[in-house]
Amino acid sequence: MRAVSVMTPLIAAMLGLTCTTDSLARDRVLQVVGPWEITGIDPIRAGYVFGRMGVAETLVTVDGDGNPIPALAESWSVSDDRLVWRFALRPAARFHDGTPVTAEAAVAALEKARSGAGVLSRTPIAEITAEGSDVVIRTATPFAPLPAFLANYTSIVLAPASWNGEGKVAGIVGSGPYRVSGLTPPLRLDVERFDGWWGGSPKVGQARYLSVPRGETRALMAESGEADLAFALLPAHMDRLRRNPRVDVRVVPIPRTRMLKVNAGSVFFDQVEERRALSLTLDRAGMATAILRNPANAAGQLLPPSMAEWHVHDLPPLRRDTAEAKRLLAAAGWKAGQDGILVSPDGERFSVQLRTFTNWPELPLMATAMQAQLREVGIELDVAVGNSSEIPAGHRDGSLQMGLASRNFSLVPDPLGTLLEDYGPDGGEWGAMNWSDPALTKTLEALKTTFDPAERAPLRARVSEIIQTELPVIPIAWFELGVAVNKRLGSVTIDPFEISYHLADLTWADAEAP
Amino acid sequence: MAISIQRQTGRLLAGRAMQAVTVAGLVGVLSFALVRMLPGDMALRIAASRYGPDLLSGTAADDVRAELGLDQPLALQLADWLGRLVRFDLGNSLVSGQPVIDELAVQLGYSLWLAGFALALSVAMAVPIGLIAGLSAGRWPDRAALTGAILLRALPAFVTGLCLIILFSVWLGWLPPAGFGTWRELTLPALTLALGLAALSSRVVRDSMVAVAASPYFAFARVKGLPERTVVMRHGLRNGAIPVVSLLGLQLIYLVEGVVVVESLFAYPGIGHALVHAIFARDVPMIQGTALVMGLVFVAVNMLVDLACAALDPRQAAR
Amino acid sequence: MTKTKTMTFTFSRRRAAGAALIGALALFGTLGPAVIAADPAQQDLLAPLAPPGGDYLLGTDHYGRSLLARLAHATRLSLGLAVLTVLSAAIPGTLLGIAAAWAGGIADRALGIVSDMILALPGLLLVLLLAAFAPGQFLPLYLGLALAQWVEYFRVTRATARTLLSRPHVEASRLLGFGPGYIARRLILPELAPVLATLMAFNMGTAVLAISTLSFIGVGLHPPTAEWGSMATELLPYYFEAPFHVLMPAAMILLTVLGFHLLAGEDRS
């Protein structure tokens with residue numbers, strides 16, 4: 001029995017030998033490559049790939065600017081007391097097994113999402129019920145960013161047939177324009193057109209997502225024409241790909257920031273002067289030029305300009321001034337020791353450990369660059385490249401001194417979701433550590449319950465300003481998503497929120513397409 | 001005589017079976033113990049691998065801890081694994097939640113397929129090169145083969161692989177640089193491995209060819225007037241095969257674990273890739289499973305080599 | 001024909017070339033870090049990937065660090081680690097092999113079983129697990145490699161020592177009351193020396209490759225430590241802009257392994 005299952009891929013591969021070359025010619029498969037592995041099949045682990053590949057849908061999604069727009073829910077409304085949300089489902093929506101997308105099915109899926117580690121578990125939702133063809137969500141307190149939380153991939157709506165008797169996900173039966181035709185975790189997902197989609201029939205018949213962890217290999221896939229869409233190109237490869245006549249390189253700023261998390265409870269960073277000195281020491285422009293190949297990515301404040309509603313244009317940008325940094329450190333009581341490393345009045349050497357990880361290949365590079373920069377003002381940095389869990393672990397047990405991470409502000413496409421988690425009164429695993437500010441807490445709470453856009457704008461600006469002056473974290477560089485698009489593809493849109501690849505809109509630009 | 005060979009074979013199989021059982025126990029206990037001794041919060045690590053850094057939070061880790069019973073006594077958890085092993089149940093991966101056996105079946109399948117293809121390619125390259133080098137020992141074809149072999153051995157696999165990608169994917173556009181499933185994707189990673197293997201095995205073929213060519217029976221066959229080709233095929237190959245078969249066994253073992261680099265470069269799913277990820281993620285059942293499978297493959301390959309050598313040369317089996 | 005060759009460590013032209021190559025590399029690794037003024041960790045972000053020539057003899061890497069200085073430091077590290085690993089594997093392996101052959105009986109069987117076990121454990125598992133204890137540190141890499149390699153010496157020594165011990169002149173010395181130390185030193189080690197030398201030279205090459213490979217899969221040493229494998233891996237994204245820069249550390253690996261293989265000779269099989 002087991003021997004048979006070992007043989008299966010062998011047999012499949014042998015069959016592949018004989019038939020794939022034929023079928024390739026007949027029906028072209030759109031190939032998408034990205035670095036992200038498919039670590040399982042349930043929504044919380046791999047929902048992102050089912051969402052991006054158009055297999056599963058959420059009630060709500062967002063447009064290119066992050067505004068909520070209808071998806072499975074055709075429209076929605078919120079009650080006057082702002083506690084009851086009513087989402088009207090599309091009557092035409094069908095799951096891939098042919099069953100209609102009913103409110104009961106959606107409620108069941110959302111309840112599963114809420115009970116797990118997904119983003120819905122972090123909302124004040126009190127109850128989710130089905131009323132006719134409406135999904136009704138009641139929250140315990142007014143919660144303005146709810147639609148954004150519903151747009152996250154962990155909130156996808158799957159058919160009841162997706163779960164087995166024990167309540168585990170056994171297969172993905174979604175409602176999107178494509179259905180799963182093959183899944184080999186952790187590396188590959190094959191999808192084919194689903195003709196029953198409410199939005200019409202997609203033009204590209206088959207697509208495949210392939211996880212390719214190494215950046216060089218992704219670039220070569222794009223360069224050789226094997227990949228139609230190659231995501232997360234390394235900056236070093238973009239220039240070369242731009243010269244390739246077959247490939248179009250798109251660079252999209254995404255709401256993500258690389259930043260230093262500092263332990264504001266430690267003797268090194270407890271004073272705001274020390275954090276400012278740290279910030280003044282860093283050569284953001286140098287790192288952005290040398291490592292990211294784009295000086296515009298040097299972060300002048302936490303949130304990038306592409307997040308127009310949060311980015312404050314007239315805020316003076318963070319800059320480099322090592323003389324000023326030295327002055328601030330001296331004012332905070334640090335004096336140069338025998339070996340050039342600063343020493344506190346209590347005799348503590350300014351020698352700190354910086355933890356970072358390799359999920360984003362530029363992080364260890366930046367850490368190494370900062371190591372050299374901080375040495376100039378007498379700060380010794382021990383760079384420990386490990387696993388991403390070591391930063392939250394250090395936050396929890398208090399052992400973290402500094403951590404270099406890349407924080408996503410669009411996991412929930414409204415940054416408020418991330419900010420609430422990171423800069424609340426107790427800090428956050430990926431945000432402030434042993435630092436809080438009553439004014440910031442109050443502003444964030446106000447944003448949670450304020451529904452009027454005109455009232456929200458000044459509150460958002462206030463958040464950015466407080467973080468900029470207090471520097472609970474040190475922003476380093478903004479983020480760009482580099483994508484290589486094969487020119488035989490038409491109508492390509494790159495979603496800065498990384499929710500969808502918009503496969504259903506794509507066309508083959510050349511005539512001989514199937 | 002025939003009976004004694006059978007008995008020999010039986011004893012050999014029993015010995016290997018015993019080895020398999022001990023390997024299984026040892027691998028399980030050792031990987032469990034080592035992983036649990038590792039520093040860091042295991043639940044957070046698992047959560048990081050499951051959900052990715054963006055979604056990682058302390059609450060998610062607490063859920064993982066509760067779900068997996070990581071706070072139970074260690075002895076209980078180990079006894080649980082051993083108890084299930086006896087029933088051929090390797091448990092579920094802590095990261096993907098899928099049964100370990102299913103994941104291994106897929107990954108081992110792809111690894112074996114890659115290893116087999118690489119081995120076949122290396123033999124296809126090594127045997128003719130080795131024969132030619134052996135028959136022209138000391139002359140320029142021999143020297144050229146030697147130089148090539150040494151250079152290939154000394155090149156790190158990721159450099160060889162990258163050169164092959166640039167040549168075959170970018171310049172010639174014949175083969176894809178990554179992926180899996182058909183022979184097109186299989187060729188480049190297999191070739192990368194095969195070049196390294198052929199470098200060594202062509203020398204072994206060459207050496208045994210030289211030894212055979214110098215032996216009295218080979219000279220006798222020539223004296224009998226058999227044509228060169230027949231001499232080589234009938235006497236040279238069979239006698240020269242024994243060291244080559246032993247070497248193939250060794251190489252297969254090297255392949256199953258040595259493929260990590262190639263798997264990583266070419267985005268090919270396999271057991272080496274699985275092991276590295278499992279260790280990063282502290283996924284104990286997957287570590288135990290992959291290590292177990294690797295250990296058992298080792299035992300099985302050794303057994304096949306023993307049997308093959310015994311079949312090629314019955315005198316050896318009697319020793 | 002091959003018999004006589006394995007028994008004496010002949011200094012062929014090939015071996016001389018290998019020795020010269022390794023000697024040159026060792027010189028670069030020992031003197032280089034002292035002679036070269038540039039700091040291997042000093043960055044110049046405004047001058048990344050400078051071509052060879054110019055201010056820096058071999059150019060700079062992607063941080064603008066001197067490649068020459070980094071290569072020299074990496075040479076010292078890799079050669080040092082290789083020598084240390086091989087010695088730590090060869091000495092206990094050989095001693096245990098002789099002891100097992102001498103003692104025979106249960107001790108021999110027990111050691112045999114242990115070595116079988118370690119052989120069946122994937123070497124990679126051992127190194128990865130040890131590396132997980134102290135990521136980026138030197139010690140686990142060294143321990144893991146040594147642990148995976150000692151078995152080979154043990155097996156070779158045990159097999160050879162067993163045959164040697166049954167030879168008449170050795171048995172006679174044993175009967176005459178010469179102790180194990182004397183017999184090992186005077187009668188066994190001289191016979192083993194050529195095989196061991198070959199094995200050690202070969203394993204140095206393996207160790208150098210293993211260290212660089214581990215760096216490639218992300219189990220290397222802490223930055224800013226210069227190591228050939230991590231240098232090649234870090235520079236890999238720039239393979240088209242600066243192919244020469246990627247090739248340099250790769251060439252160092254190639255030359256070192258080549259040198260050790262030439263030194264090991266062709267007798268290993």
Side-chain angles (χ1 to χ4, degrees), chain B residues 19-20 22-23 26-27 30-31 34-35 37-40 146 149-151 153-159 162 166 170 200 203-204 206-208 210-211 214 243 246-247 253-254 256-258 260-261 263-265 271-273 275-276 278-280 282 287 290-291 293-299 302, chain C residues 1-3 14 18 113-114 116-135 202 205-206 208-219 228-229 232-233 236 239-240 243 246-247 249-251 253-262 264 266-269:
Chain B
Q19 200 191 4
T22 14
V23 162
L26 188 80
V27 156
L30 197 71
S31 33
L34 281 177
V35 172
M37 276 157 58
L38 286 176
L146 176 66
I150 292 185
L151 282 177
R153 284 301 284 178
L155 211 59
F158 59 90
V159 178
L162 195 73
I166 293 177
V170 178
L200 185 60
R203 296 321 287 171
V204 174
R206 178 250 180 217
D207 286 350
S208 44
V210 170
S246 321
L247 180 78
I253 292 158
Y254 152 79
V256 171
E257 66 168 78
V260 183
V261 174
E263 286 171 358
S264 148
L265 184 65
I271 199 110
H273 182 265
L275 177 64
V276 173
I279 291 183
F280 284 160
R282 307 280 189 267
I287 299 175
T290 40
V293 164
M294 285 184 175
L296 294 183
V297 165
F298 173 85
V299 175
N302 271 335
Chain C
M1 191 192 94
T2 43
K3 203 71 186 187
R14 193 180 299 153
I113 291 175
V114 170
D116 266 0
M117 290 294 124
I118 296 209
L119 267 186
L121 271 184
L124 184 68
L125 175 76
L126 219 54
V127 179
L128 287 179
L129 279 178
L130 284 173
F133 274 96
F202 194 82
T206 314
V208 167
L209 274 180
I211 298 159
S212 66
T213 301
L214 285 169
S215 285
F216 180 79
I217 56 171
V219 196
W228 295 327
T233 311
L236 205 54
Y239 60 95
F240 267 110
V246 192
L247 282 179
I253 303 175
L254 180 95
L255 287 178
T256 313
V257 180
L258 183 69
F260 281 124
H261 280 209
L262 289 175
E266 273 285 285
D267 307 340
R268 189 192 132 87
S269 57

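Below, chains carry the letters A, B, ... as their sequence lines are ordered, and counting in each starts from 1.
The shortest heavy-atom contact between C:Leu258 and B:Ala154 is N-CB, 3.7 Å. Residues B:Phe158 and C:Ser212 share a closest heavy-atom pair of CE2-O, 4.1 Å. The shortest heavy-atom contact between C:His261 and B:Ile150 is CB-CG2, 4.5 Å. Residues C:Leu254 and B:Leu151 share a closest heavy-atom pair of CD1-O, 3.6 Å.
Heavy atoms closer than 4.5 Å to chain B are found in both the backbone and the side chain of C:Leu128. Within the 4.5 angstrom heavy-atom criterion, no atom of C:Leu130 approaches chain B.
Of the residues considered (B:Leu296, B:Leu155, B:Leu265, B:Ile287), B:Leu155 shows the highest number of contacts with chain C, using heavy-atom pairs under 4.5 Å.
For the side chain to side chain contact (heavy atoms under 4.5 Å, CB included) test, residues two or more places apart in sequence or in another chain that qualify with C:Ala250 are B:Val159.
Distance CZ/C:Phe202 to CZ/B:Arg153: 5.0 Å, rounded to 0.5 Å. Put simply, CG on C:Leu129 and CG on B:Leu275 are 7.5 Å apart, with the number rounded to the nearest 0.5 Å.
For the side-chain contact (heavy atoms from CB on, under 4.5 Å) with B:Pro156, the lone residue among C:Thr233, C:Val208, C:Ile253 that qualifies is C:Ile253.
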